[in-house]
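To start, the structure under review is shown below, and the notes come after it.
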Amino acid sequence: MDQEHTYDVVVVGAGPTGENLADRAHAAGLSVAVVESELVGGECSYWACMPSKALLRPHTALAEARRLPGAREAVGATLDAAAVLARRDDFAAHWKDDGQAEWVRGAGLDLVRGHGRLDGPRRVAVDTPDGSRVLLTARHAVAVCTGTRAALPDLPGLAAAGVWTSREATSAKEVPGRLAVVGGGVVAVEMATAWRALGSEVTLLVRGDGLLPRMEPFAGELVAEGLTATGVKISNRVSVSAVDRPAPAAPVTLTLDVGGELVADEVLFATGRAPRTDDLGLETVGLAPGDWLTVDDSCRVTGVDGDWLYAAGDVNHRALLTHQGKYQARIAGAVIGAVAQGEPLDPAPWGPHRATADVEAVPQVVFTDPEAASVGPTAKEAEEAGRRVHVVDYDLAQVAGSALYGDDYRGRARMVVDANSERLVGVTFVGPGVGELLHSATVAVAAQTPISRLWHAVPSYPTISEVWLRLLEAYRDR
Ligand SMILES: Cc1cc2nc3c(=O)[nH]c(=O)nc-3n(C[C@H](O)[C@H](O)[C@H](O)COP(=O)(O)OP(=O)(O)OC[C@H]3O[C@@H](n4cnc5c(N)ncnc54)[C@H](O)[C@@H]3O)c2cc1C
Ligand SMILES: NC(=O)c1ccc[n+]([C@@H]2O[C@H](COP(=O)([O-])OP(=O)(O)OC[C@H]3O[C@@H](n4cnc5c(N)ncnc54)[C@H](O)[C@@H]3O)[C@@H](O)[C@H]2O)c1
């Protein structure tokens, strides 16, 4: 028999976004049920951020040691793949979610395991693993935080070929001899870096003109240089038109649109994401299954009567990053709490009830060697949005801190400044060790800092952060 329960808030999906949203709603005094169909912690914990960064970090550490005479002689030339994979397994909690499920319960939230679907306004029906059905009614809000899955192109032979997606690329137990990677985005470059470092011969097949097309062009150029130096073969302007694997353990053959074939032991399709909304009961509330969920700045889904349906994280397509999903979760949790208590919402940008940074100040670090880190729009994006901007660049290798950081340091920095307000809107750093530099830029962009004030934020000598001073000088002298 169906069980029925009523909560103030029902959250579907216990990834980083769902966990945080539930926690904030509970902190506002509301009762919350969280529905999860796989592992509490979501894609990020088991098949994305954590295992991918665990695969990449040993390579970065080794590459940095090898750029330092004295350290270079003390370390080997290659990684111990088995040890790297074992540490990766630890970071993915061996694909068990006991720890995170315990956190959910300890936070005062009710965890309902199973596949959730909307069942009309304010209702969620959950098919549980034991075959029963739980009907959840929300007094105030339902929040969809179901994330994304890998999007695969519709190619002849692909479905039968057993290709890698980001899930296999982050959880594989064996190092393939030859790995083909299709795509030129973040997953493609990070996983090409990781598996090359673990010993695979890697070929990157890029449909466009270069890597990391959403960043400043020099980011993709420097990352391509780094990949090539490690032995990754990169082919631009190449698409795969068919995939063939005659038997499960056999090599896979990719037919290329430019002519010819590529044979590999595994192929990773890193070709973007699709929302997990196809089997979510969206049709019961007048929305189209399979679509991204469009939201306003309070994370309320548009086009649904009654202001009860929210969507946060990857599934709303605003910024597909864990930290941005968690930011939206904090905003949406606060909105749901305020509405439930009958308190007024503060509609101002950068206020507690309006997601702003996930559009204006999105930071991202690509954990390749060199790292690529950016926040805010690129120069081109800012111009296309109608801003008049000044752009200044600086060669990161010219900073004393960079030279000390490693021999033959290569990198570049760019600052995009709004010409009318003389405030910083975007920053990109590419180079070893710049990932940890990015938050300085994020603070400056989110605070809409005037350039005149940045002169008083004096970077320590001799750190890579001195690039800030060099960028300001370049701006002054432009
Ligand atoms: C390889 C890779 C590396 C990445 N690295 C980074 C990184 O370094 N930094 C970063 O910021 N971002 C990174 N990302 C992006 C990051 O993983 C996502 O932005 C993040 O996981 C989104 O969180 P979410 O909670 O919105 O969704 P998810 O993490 O996808 O969680 C959604 C949850 O909902 C559950 N669910 C789905 N449908 C249902 C349903 N019907 N009923 C019940 N439960 C359901 C799922 O099982 C899942 O647990 C990476 C992505 C990939 C693919
Ligand atoms: N370090 C990080 O922050 C990190 C790491 C990994 C992923 N992520 C996030 O996860 C999301 C997914 O990453 P992703 O790399 O899968 O997606 P993406 O959208 O960044 O890149 C996909 C790439 O695949 C290409 N592509 C699409 N269809 C293709 C086809 N049929 N053939 C060949 N190429 C094709 C696109 O041109 C694009 O370059 C991103 O939004 C990213 O921000 C973040």
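First listed ligand is number 1; within each ligand, the first listed atom is number 1. In this chain, residues are counted from 1 in sequence order. Every value quoted in this text rests on a predicted model; they were computed, and no experiment measured them.
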Just to confirm my output: which protein heavy-atom neighbour is closest to [atom], and how far is it?
atom                    : result
atom 14 (N) of ligand 1 : C49 SG, 3.8 Å
atom 23 (O) of ligand 1 : P16 CG, 3.5 Å
atom 29 (O) of ligand 1 : E43 N, 3.0 Å
atom 34 (O) of ligand 1 : G13 CA, 3.2 Å
atom 31 (O) of ligand 1 : G15 CA, 3.5 Å

Enumerated ligand 1 atoms positioned under 4.0 Å from heavy atoms of [X]:
X    : answer
G313 : 26 (O)
S166 : 1 (C), 53 (C)
L321 : 10 (C), 11 (O), 12 (N), 19 (O)
H323 : 11 (O)
G147 : 27 (O), 30 (O), 32 (C)
G114 : 42 (N), 43 (C)
E38  : 47 (O)
C145 : 32 (C), 33 (C), 34 (O)

Could you tell me if the side chain of [Y] sits less than 4.5 Å from the side chain of [X], heavy atoms only?
X    : Y    : value
V425 : E360 : no
T17  : V315 : no
V144 : L293 : yes
V181 : L205 : no
L254 : D244 : no

Side chain, backbone, both or neither: which part of [X] comes within less than 4.0 Å of ligand 1 when only heavy atoms are counted?
X    : answer
E36  : both
R273 : side chain
V315 : neither
L280 : side chain
A169 : neither
S52  : side chain
S37  : both

Check: [X] side chain, [Y] main-chain N or O, donor-acceptor pair, under 3.5 Å:
X    : Y    : value
E190 : F367 : yes
T271 : A151 : yes
R122 : A141 : no
S132 : T128 : no
T302 : T294 : yes
D127 : H115 : no

Pairs of nitrogen or oxygen atoms closer than 3.5 Å, one from [X] and one from ligand 1: do any exist?
X    : answer
G116 : yes
T17  : yes
D314 : yes
W47  : no

Taking [atom] as the point of reference, which of [options] owns the nearest heavy atom?
atom                    : options                : result
atom 39 (C) of ligand 1 : L320, T146, T148, T277 : T146
atom 5 (N) of ligand 1  : M191, K53, R149        : K53
atom 20 (C) of ligand 1 : V34, T322, V365, V11   : T322
atom 50 (C) of ligand 1 : G435, A48, P363        : A48

Students should find this: residues with any non-hydrogen atom under 4.0 Å from ligand 2. What is the answer?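 K53, P153, V182, G183, G184, G185, V186, V187, E190, R207, P213, R214, A270, T271, G272, R273, L320, L321, Q364, V365, F367.
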
L30 and its side chain to side chain contact (heavy atoms under 4.5 Å, CB included) partner, picked from H140, R24, R139: H140

Test side-chain hydrogen bond (donor to acceptor under 3.5 Å, both in side chains) on T368 and E371 and set out the steps. CA-CA 5 Å; T368 42; E371 291 173 342; over 6 Å; no

How many angstroms lie between CG in D297 and CZ in R354, if you round to the nearest 0.5 Å?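 Between atom CG of D297 and atom CZ of R354 there are 4.5 Å.
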
Rounded distance (nearest 0.5 Å) linking atom CZ of R123 with atom OG1 of T6: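 Result: 9.0 Å between the selected atoms.
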
Judged by non-hydrogen atoms, does L39 sit under 4.0 Å from ligand 1?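 Checking ligand 1 against L39, which is what was asked, there is a heavy-atom contact under 4.0 Å.
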
Which heavy atom of W195 sits nearest a heavy atom of E174, and at what distance?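 Scanning both residues completely, I find the closest heavy atoms to be CZ3-O, 3.7 Å.
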
Between E216 and R412, does any side-chain N to carboxylate O distance fall below 4.0 Å? no

Apply side-chain hydrogen bond (donor to acceptor under 3.5 Å, both in side chains) to residues S166 and R273 and explain how you reach the verdict. CA-CA 10 Å; S166 50; R273 312 293 298 172; 2.9 Å; yes

What's the verdict on side-chain hydrogen bond (donor to acceptor under 3.5 Å, both in side chains) for Q100 and S45, showing C-alpha distance, side-chain angles and the deciding distance? CA-CA 10 Å; Q100 302 223 40; S45 299; 2.9 Å; yes

Tell me whether the count of non-hydrogen atoms from other residues, nucleotides or ligands lying under 6.0 Å of NZ in K53 goes above 12.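 Enclosed.
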
